*Asks:* 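Input: one structure, supplied below.
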There are 2 protein chains.
Amino acid sequence: MAFDLQAYLPYLLNRAARRIVAGFTDQIRPLGVGLSEWRVLAALLESDAARIDVLALATSIDASTLSRLVQRMAAEGLVTRTVSESDRRAVAIALSTQGRALAEQIVPIALEWEAKMLGSLDDATTERLRQLLRQLDQNLAPHEATS
Amino acid sequence: MAFDLQAYLPYLLNRAARRIVAGFTDQIRPLGVGLSEWRVLAALLESDAARIDVLALATSIDASTLSRLVQRMAAEGLVTRTVSESDRRAVAIALSTQGRALAEQIVPIALEWEAKMLGSLDDATTERLRQLLRQLDQNLAPHEATS
DNA sequence: AGGAGATATCTGCATCTGCAGATATTTTTT
DNA sequence: AAAAAATATCTGCAGATGCAGATATCTCCT
């Protein structure tokens with residue numbers, strides 16, 4: 001049976017993904033955050049006061065996981081949790097001053113790792129890669145409800 | 001602070017990877033195997049009677065995880081575990097008849113998902129992608145011991 | 001041969017994660 | 001307005017995973 005795991009694209013994709021997660025995570029651990037925390041911080045840098053479900057979408061983290069994560073981050077003083085006025089089921093998550101400082105401290109590290117991952121690829125290739133990854137993601141999207 | 005998580009390559013890489021894992025895993029679950037089991041089966045299709053550490057390298061699964069995984073797969077009758085003659089620390093893992101049949105049953109499903117992921121990309125682009133992913137992986141490799 | 005160090009695997013443990021099912025609140029139906 | 005359905009978050013649970021530290025065996029040096 002002909003099957004070459006080492007040439008199988010989903011495997012290669014996973015391998016590269018795990019690799020960068022491992023390296024980056026190691027580097028930010030001393031700052032007291034893991035990958036998921038960083039994703040939340042990064043997402044909040046863009047749109048502050050986001051709800052859990054919005055954050056879940058932005059970070060690709062499951063809402064239940066995110067719920068617990070955000071609780072811990074709030075306890076650590078990185079974010080604030082405020083019950084929404086208009087919808088008391090919802091919680092608005094925002095960066096605290098400390099959280100923002102931490103996020104801004106990590107951004108350059110994240111960019112370093114992106115650069116390290118890309119190595120000597122030129123800008124055009126990088127852009128092509130970004131486009132390809134988005135395409136793959138879209139091809140795999142649960143279902144295109146062409147409503 | 002300018003940072004766009006949605007354009008950040010490591011994130012995109014992870015997202016695509018998780019997506020295909022989720023879909024593929026869902027599809028093979030009825031067969032009683034998860035992603036890791038499949039990786040082991042696939043690796044064994046190529047080089048039978050591999051040791052744990054070799055399998056760990058081939059599948060990117062941690063040796064301790066793999067140890068437990070292989071024990072379970074042996075209990076399920078998918079693989080055989082044989083203490084090596086020449087080195088009694090080592091264990092040779094091989095596909096059982098049943099394991100091989102299962103592996104060969106999954107191969108076409110795996111290829112389907114690869115195709116689904118690639119969508120309408122032509123062969124040249126696919127090959128380019130494969131090359132890029134390998135490049136990224138190499139750029140991130142722990143350390144190039146150019147011994 | 002005897003011991004130090006390397007190697008292969010296994011076990012303990014602590015964490016992360018996601019699904020399924022609660023709970024609380026809002027919106028839509030009737 | 002009451003009931004039904006939808007929505008946002010949270011909790012219970014059970015499995016996967018990886019690191020660190022055992023354990024067993026082998027290799028090399030003296």
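Residue numbering restarts at 1 for every chain, and letters A, B, ... go by the order of the sequence lines. Owing to the predicted nature of the structure, the values given are computational and were not obtained by experimental measurement.
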*Asks:* Whether A/Arg29 and A/Asp26 form a salt bridge (side-chain N of Lys/Arg under 4.0 Å from carboxylate O of Asp/Glu) is what I want to check.
*Replies:*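 Salt bridge between A/Asp26 and A/Arg29, a charged N being under 4.0 Å from a carboxylate O: yes.
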
*Asks:* Between B/Ser96 (side chain only) and B/Gly77 (backbone N and O only), is there a donor and an acceptor less than 3.5 Å apart?
*Replies:*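 Confirmed, B/Ser96 side chain pairs with B/Gly77 backbone.
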
*Asks:* Send over the distance from B/Arg29 CZ to C/dG18 P, rounded to a whole Å.
*Replies:*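 The distance from CZ of B/Arg29 to P of C/dG18 comes to 13 Å, rounded to the nearest Å.
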
*Asks:* Would you kindly compare B/Thr65 and A/Asp62 by the position of their nearest DNA chain C nucleotide and give the one closer to the 5′ end?
*Replies:*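 The residue closer to the strand's 5' end, by nearest nucleotide, is B/Thr65.
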
*Asks:* Would you mind reading off the distance between A/Asp53 atom CG and C/dA24 atom P, rounded to a whole angstrom?
*Replies:*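 Distance, rounded to whole Å: 19 Å.
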
*Asks:* Rounded to the nearest Å, what distance is computed from the CG atom of residue B/Leu66 to the C1' atom of nucleotide D/dC19?
*Replies:*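 To the nearest whole Å, that distance equals 16 Å.
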
*Asks:* May I ask you to verify if any side-chain N or O of A/Gln71 is less than 4.0 angstrom from the OP1 or OP2 atom of D/dT9?
*Replies:*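 Looking at the OP1 and OP2 atoms of D/dT9, neither is under 4.0 Å from any side-chain N or O of A/Gln71.
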
*Asks:* Provide, to the nearest angstrom, the distance between the CG atom belonging to B/Leu69 and the C1' atom belonging to D/dT17.
*Replies:*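 Checked: the CG to C1' distance equals 11 Å.
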
*Asks:* So, A/Glu114 side chain and B/Pro10 main chain: donor-acceptor pair closer than 3.5 Å or not?
*Replies:*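 No; zero donor-acceptor contacts below 3.5 Å.
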
*Asks:* The side chain of B/Arg72 is closest to which nucleotide in this list: C/dG18, C/dT11, D/dA16?
*Replies:*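 Per side-chain heavy atoms of B/Arg72, the pick is D/dA16.
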
*Asks:* Under 4.0 Å between a side-chain N/O of B/Arg18 and OP1 or OP2 of C/dG18, yes or no?
*Replies:*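 B/Arg18 to C/dG18 OP1/OP2: side-chain N or O found under 4.0 Å.
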
*Asks:* Any N or O donor-acceptor pair linking the side chain of A/Ser64 to the base of C/dC19 at under 3.5 Å?
*Replies:*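 Between C/dC19 and A/Ser64, which were checked side chain against base, a qualifying N/O pair under 3.5 Å is present.
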
*Asks:* Using the side-chain heavy atoms of B/Ser36, tell me which of these nucleotides is nearest: D/dC19, D/dT17, D/dC10.
*Replies:*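 Per side-chain heavy atoms of B/Ser36, the pick is D/dT17.
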
*Asks:* D/dG12 base to A/Arg68 side chain: any donor-acceptor pair below 3.5 Å?
*Replies:*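 Result: at least one qualifying N/O pair found.
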
*Asks:* Is there a donor-acceptor pair closer than 3.5 Å between any side-chain N or O of A/Asp53 and the backbone N or O of A/Ala63?
*Replies:*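 Checking the backbone N and O of A/Ala63 against the side chain of A/Asp53, no donor-acceptor pair under 3.5 Å is found.
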
*Asks:* So, taking the atom named OG in B/Ser36 and the one named CG in B/Leu66, what distance separates them when rounded to the nearest 0.5 Å?
*Replies:*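 Reported to 0.5 Å precision, the distance equals 8.5 Å.
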
*Asks:* Round to a whole Å and report the spacing from CG of A/Leu35 to P of D/dT17.
*Replies:*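 Atom-to-atom, A/Leu35 to D/dT17, this comes out as 17 Å.
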
*Asks:* Just how far, in rounded Å, is C1' of C/dT7 from CG of B/Leu57?
*Replies:*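 B/Leu57 atom CG is separated from C/dT7 atom C1' by 15 Å.
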
*Asks:* Show every salt bridge (charged side-chain N to carboxylate O under 4.0 Å, His left out) that has at least one partner inside residues 77-90 of chain B, sequence neighbours left out.
*Replies:*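 Pairs touching residues 77-90 of chain B that pass the test: B/Asp87-B/Arg89.
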
*Asks:* Using a 4.0 Å cut-off on heavy atoms, which residues in residues 80-93 of chain B reach DNA chain D? List them by number, or say none.
*Replies:*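 Output list: B/Asp87, B/Arg88, B/Arg89.
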
*Asks:* Just how far, in rounded Å, is C1' of D/dA24 from CD1 of B/Ile52?
*Replies:*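 It works out to 15 Å between those atoms.
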
*Asks:* Can you measure A/Ile61 atom CD1 to D/dC10 atom C1' for me and round it to whole angstrom units?
*Replies:*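 The answer, rounded to whole Å, is 16 Å.
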
*Asks:* Within less than 4.0 Å of OP1 or OP2 of C/dT9, is there a side-chain N or O belonging to B/Ser67?
*Replies:*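 For B/Ser67, the contact criterion (side-chain N or O under 4.0 Å from OP1 or OP2 of C/dT9) is not met.
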
*Asks:* For the residue pair B/Arg128 / B/Gln131, report whether a side-chain donor-acceptor contact shorter than 3.5 Å exists.
*Replies:*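 Yes, a side-chain donor-acceptor pair sits under 3.5 Å.
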
